[in-house]
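Notes to accompany the following structure.
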Amino acid sequence: MPLRCALFLGSTRTVRIGPRVAAYVQQQMERRGFEVDVLDPVTTHDGFFMRLMEKPAFHYKEGETVPAPLVDVSNRVKAADCIAVVAPEMNHTVAPGLAN
């Protein structure tokens with residue numbers, strides 16, 4: 001059974017090379033037998049991914065309705081055996097989209 005990897009993109013800018021880099025990383029990982037699930041904050045759930053950072057899954061109390069995209073992303077991360085991040089360097093640190 002292949003290892004499952006959640007591959008996160010760490011930039012939300014309009015002009016970005018992250019998707020190209022992530023496609024390369026995905027291709028290389030798949031060549032090595034990984035099953036790769038790409039999580040892009042711009043395209044995953046039509047950009048709803050960014051709103052998921054407003055309130056993480058563990059902050060919802062019992063009985064509260066958790067947004068379906070948050071449930072989906074949470075399940076995808078839980079199903080992963082490992083996580084990889086493709087992120088730009090900005091001012092000698094990680095991109096704000098990852099730091100939040």
Side-chain angles (χ1 to χ4, degrees):
M1 177 156 56
L3 287 175
R4 297 177 60 138
C5 180
L7 177 60
F8 286 89
L9 273 76
S11 175
T12 58
R13 291 185 172 194
T14 305
V15 178
R16 59 193 185 136
I17 63 166
R20 287 184 14 217
V21 176
Y24 175 79
V25 171
Q26 179 180 9
Q27 176 188 36
Q28 295 304 309
M29 292 182 83
E30 287 174 345
R31 281 183 50 208
R32 288 166 175 78
F34 284 83
E35 181 180 308
V36 182
D37 183 10
V38 178
L39 296 162
D40 183 344
V42 175
T43 60
T44 301
H45 292 290
D46 295 323
F48 187 80
F49 192 91
M50 289 303 293
R51 291 195 36 227
L52 300 179
M53 291 190 291
E54 295 170 8
K55 186 174 181 180
F58 60 84
H59 275 263
Y60 285 87
K61 295 178 178 30
E62 190 175 325
E64 275 188 282
T65 303
V66 182
L70 179 54
V71 172
D72 176 61
V73 170
S74 180
N75 289 337
R76 289 163 69 179
V77 172
K78 287 176 187 175
D81 297 304
C82 63
I83 295 172
V85 179
V86 171
E89 175 272 331
M90 300 177 88
N91 298 323
H92 308 291
T93 189
V94 298
L98 287 174
N100 291 339

Qualifying residues under side-chain contact (heavy atoms from CB on, under 4.5 Å), relative to [X], sequence neighbours excluded:
{"X": "Thr43", "result": "Asp40"}
{"X": "Ala6", "result": "Phe8, Leu39, Ala80, Ile83"}
{"X": "Ala23", "result": "none"}

**Message:** According to salt bridge (charged side-chain N to carboxylate O under 4.0 Å, His left out), does anything in residues 58-69 pair up with another residue at least two apart or in another chain? List the pairs.
**Reply:**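 Only Lys55-Glu64 qualify under salt bridge (charged side-chain N to carboxylate O under 4.0 Å, His left out).
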
**Message:** I need the full list of salt bridge (charged side-chain N to carboxylate O under 4.0 Å, His left out) pairs touching residues 27-36, with sequence neighbours left out, sorted by first then second residue.
**Reply:**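 Every salt bridge (charged side-chain N to carboxylate O under 4.0 Å, His left out) pair that includes a residue of residues 27-36, provided the two are not neighbours, is Arg4-Glu35.
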
Closest non-hydrogen atom pair, [X] against [Y]:
{"X": "Val36", "Y": "Leu7", "value": "CG1-CB, 3.8 Å"}
{"X": "Val25", "Y": "Val86", "value": "CG2-CG2, 4.2 Å"}
{"X": "Leu9", "Y": "Pro41", "value": "O-CD, 3.2 Å"}

**Asked** So does Tyr24 have more than 12 non-hydrogen atoms from other groups sitting under 6.0 Å from OH?
**Response**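 For Tyr24, atom OH is not crowded (no more than 12 foreign heavy atoms under 6.0 Å).
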
Pairs of donor and acceptor atoms involving the side chains of residues 65-72, under 3.5 Å and at least two apart or interchain, shall be tabulated with distances.
residue: Asp72; atom: OD2; partner: His45; partner atom: NE2; Å: 2.7
residue: Asp72; atom: OD2; partner: Arg76; partner atom: NH1; Å: 3.2

